[in-house]
Amino acid sequence: MQVLWFRRDLRLDDHPALIEACSRGAVLPLFILDPHLLHHPETAPARVAFMLACLRALDSDLRGRGSRLLVRHGEPAAVLTALVRQMGASGVVAHVDSERLVGRVRDGRVERALAAAGIPLRWVEPPGACPELLAYPDYRRFWHGQMALEPLPAPGHIPTPPPTGTDRDHAPGAPLELVDLGLRGDGKPIPAAGTAAALERLQQFCASGAADRYFWQLSQPSARITTGLGPYLKFGVISHRRVLHTIAGLRQGGAGERRSWRQLVSRLRWGAGMAQRFRYLPQLELTPLWQCYGSAGVSLSAEQEELYAAWQSGHTGFPIVDAGSRCLLTGGGWLDLNFRSRAIHASFLTNLCGIDWRYGALHYMRHLIDGDCCIDHYQWAMQAGVTAPGGGRGGGWSRIYHPGQTAVERCDPQGVFIRRWLPELADLTNDQLGSPPPMAAYPRPLLDYDRARRRCLARLNAQRQHWRPHGFSPLPADLTPFAAERIEGSAVDWARQHAPQLYPAALPLEQLDGPALRDLASWFGPSRSLQPRANRPPARTSGGGRGRRRSSRDGATQLELWS
């Protein structure tokens, strides 16, 4: 019998580790509620609530195949060792997971503990993941090849030994609630859980006409055109490969559906690429990509603390920014806070308020129901400009969104998104939503855009003078999550052991030769999207018109809200 350790793969369909375990005989499916993850400073209670609902759905799917899900609470290395001995299992099978440092420290401990106990541990790569360092073009080809394969069907029957009395106490048939885990809910509604719900949402997207509009309305927060798959992809409730095979029919549809299909494929590959970057460089969770950006400005001044609090609560005086804040706090962002809204929201905090991007990433991860560390942290760093190279490679350009009327006209011209989340502005005209007149119910803008933008560019340009090729930030000796001290009850003792072993291991930067460094650099080099607009053909906006350039008083070209 093999113990199948479920983690961020809460499905039976297209599950290589499940197929591997079943090929060896009986299977005992297991999920471990790890206190270090449950009380990580970036844990969102609503995301945990969704995960618990997905565990119940997974248990139901397993019971339909003659099996069940065993749920244990505790330190995974100790739980696995004890369970294998208790049940007489011959080994453990699990997918590789490289999302978070806490998970890689956990898996390093599991490896050592099971090896010391003489228990075989079989790591299986999930679809689309690659253990080797590949140049990015090679990875693209690898990923497309993996996605072109037929998804692995769920086994019709999963032989599982009968439960013991201890097992019955830990089965998820009786609802497990947040309070049982020492967490407190924040009232966010969560999506319907389980693989069937994910497939239903995806099929509705394809059949409802949304797929015909997705490619051009994706930049409009008011369109509510997102697929809503984020939470399901975060926990592996549905695989990328199953998504792609489900939407394959769009390729034979009209022009809009074909363009939407290309967008969806691109965004799935983009998400997989983020995970691969973190597999190579787990330090991206804690540090900027390039050493030249260092940790300057990490501590917040009293003024920045006020700006941070106003940004978090949605009281900056810039409606499109504040609408994003309240959308995140109320709904968890998974459905209504699209990529453009998140970009404007992040750019305001990092570039205009001058606050380190990691404060924004922390806040987002504490509220996003679809929060994925790799995507969230790297996108925050990108919006802050600290993933851009310096020197003569386009480092002088930064994406700094105008949070006023420009943002409204480009993204929410009818004010639908703003009025949905800021009812106090419901009576304003559309042309007032970028800069509302003085009113008791809404604050005045907390900063001057032009002055803040000049300050940001001066700071970034000074840092970029120290950029060097292959000057990647090393893995810190201290893996404590950023700003953990700000979050009461955070569990960070896992990070404070001496030289923790990671699985999978980080790339040893100091040992890489020239070709390997070039392969790694290909994931982070300049691309068409990092060139100044003046050097690119004009892009079409989400509404089909042409974008505009404007020059600020300091003479720099500002990238406005291009799709």
Side-chain angles (χ1 to χ4, degrees), residues 5-10 30-48 50-52 55 72-80 94-114 121 123 126 129 178 181-183 234-236 274-287 358-359 361-368 370-378 380-381 473-507:
W5 182 17
F6 281 97
R7 292 112 72 75
R8 293 197 313 127
D9 50 1
L10 305 183
L30 169 71
F31 187 87
I32 303 173
L33 295 162
D34 183 351
H36 288 139
L37 275 169
L38 293 171
H39 300 286
H40 191 283
E42 292 186 5
T43 291
R47 197 162 60 247
V48 176
F50 176 71
M51 181 192 75
L52 294 177
L55 290 178
R72 291 283 173 91
H73 183 280
E75 203 280 316
V79 169
L80 284 165
H95 276 140
V96 175
D97 181 19
S98 55
E99 182 199 8
R100 301 216 68 126
L101 281 165
V102 61
R104 290 165 87 148
V105 171
R106 169 202 65 204
D107 291 351
R109 287 178 173 175
V110 166
E111 275 215 322
R112 290 198 307 273
L114 296 191
L121 171 59
W123 294 114
L178 289 176
L181 305 176
L183 299 173
K234 153 70 181 180
F235 288 107
M274 291 299 178
Q276 198 68 26
R277 287 173 173 88
F278 273 59
R279 180 157 188 172
Y280 297 149
L281 300 176
Q283 53 265 46
L284 294 176
E285 180 178 338
L286 298 178
T287 65
R358 288 165 285 195
Y359 286 101
L362 169 65
H363 179 69
Y364 261 46
M365 288 299 290
R366 288 187 59 77
H367 290 281
L368 284 174
D370 61 350
D372 181 292
C373 177
C374 307
I375 294 173
D376 179 70
H377 282 237
Y378 199 75
W380 268 96
S473 294
L475 183 69
D478 182 1
L479 303 184
T480 302
F482 179 79
E485 71 281 356
R486 298 174 73 99
I487 309 301
E488 185 179 358
S490 294
V492 296
D493 56 296
W494 60 269
R496 292 175 176 159
Q497 60 174 299
H498 178 67
Q501 174 186 331
L502 304 185
Y503 185 84
L507 281 179

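Owing to the predicted nature of the structure, the values given are computational and were not obtained by experimental measurement.
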Keeping the roles fixed (side chain from K234, backbone from D372), state whether a donor-acceptor pair exists under 3.5 Å. no

Report the residues that fulfil side chain to side chain donor-acceptor pair (under 3.5 Å) with W123, sequence neighbours left out, ordered by chain and then residue number. E111

Under the side chain to side chain contact (heavy atoms under 4.5 Å, CB included) test, residues paired with L114 that sit two or more places apart: L80, T81, V92, V110, I119, L121

Non-neighbouring partners of E285 that pass side chain to side chain donor-acceptor pair (under 3.5 Å), sequence neighbours left out: R100

With sequence neighbours excluded, tell me which residues meet salt bridge (Lys or Arg N to Asp or Glu O under 4.0 Å) with D376. none

Run the side chain to side chain donor-acceptor pair (under 3.5 Å) test against H367 and tell me which residues pass, sequence neighbours left out. K188

Out of curiosity, R358 CZ to W380 CH2, how far, rounded to the nearest 0.5 Å? 13.0 Å

With R277 via salt bridge (Lys or Arg N to Asp or Glu O under 4.0 Å) - residues at least two apart: none

So, do D107 and W5 sit near enough that their side-chain heavy atoms are less than 4.5 Å apart? yes

Can you list the residues that meet the side chain to side chain contact (heavy atoms under 4.5 Å, CB included) rule with A483, with sequence neighbours excluded? Y359, L362, E485, R486

Can you sort out the partners of E75 under side chain to side chain contact (heavy atoms under 4.5 Å, CB included), two or more places apart, ordered by chain and number? A77, A78, R109

For D97, enumerate each residue passing the side chain to side chain donor-acceptor pair (under 3.5 Å) test, keeping only those at least two apart in sequence or located in another chain. R8

Can you name the residues that form a side chain to side chain contact (heavy atoms under 4.5 Å, CB included) with T480, not counting sequence neighbours? D478, A484, V492, A495, R496

Contacts of type ring-ring contact (aromatic ring centres under 6.0 Å, His included), residue F6, not counting sequence neighbours: H15

My understanding is that only residues two or more places apart in sequence, or in another chain, count here; which of them pass salt bridge (Lys or Arg N to Asp or Glu O under 4.0 Å) with D9? none

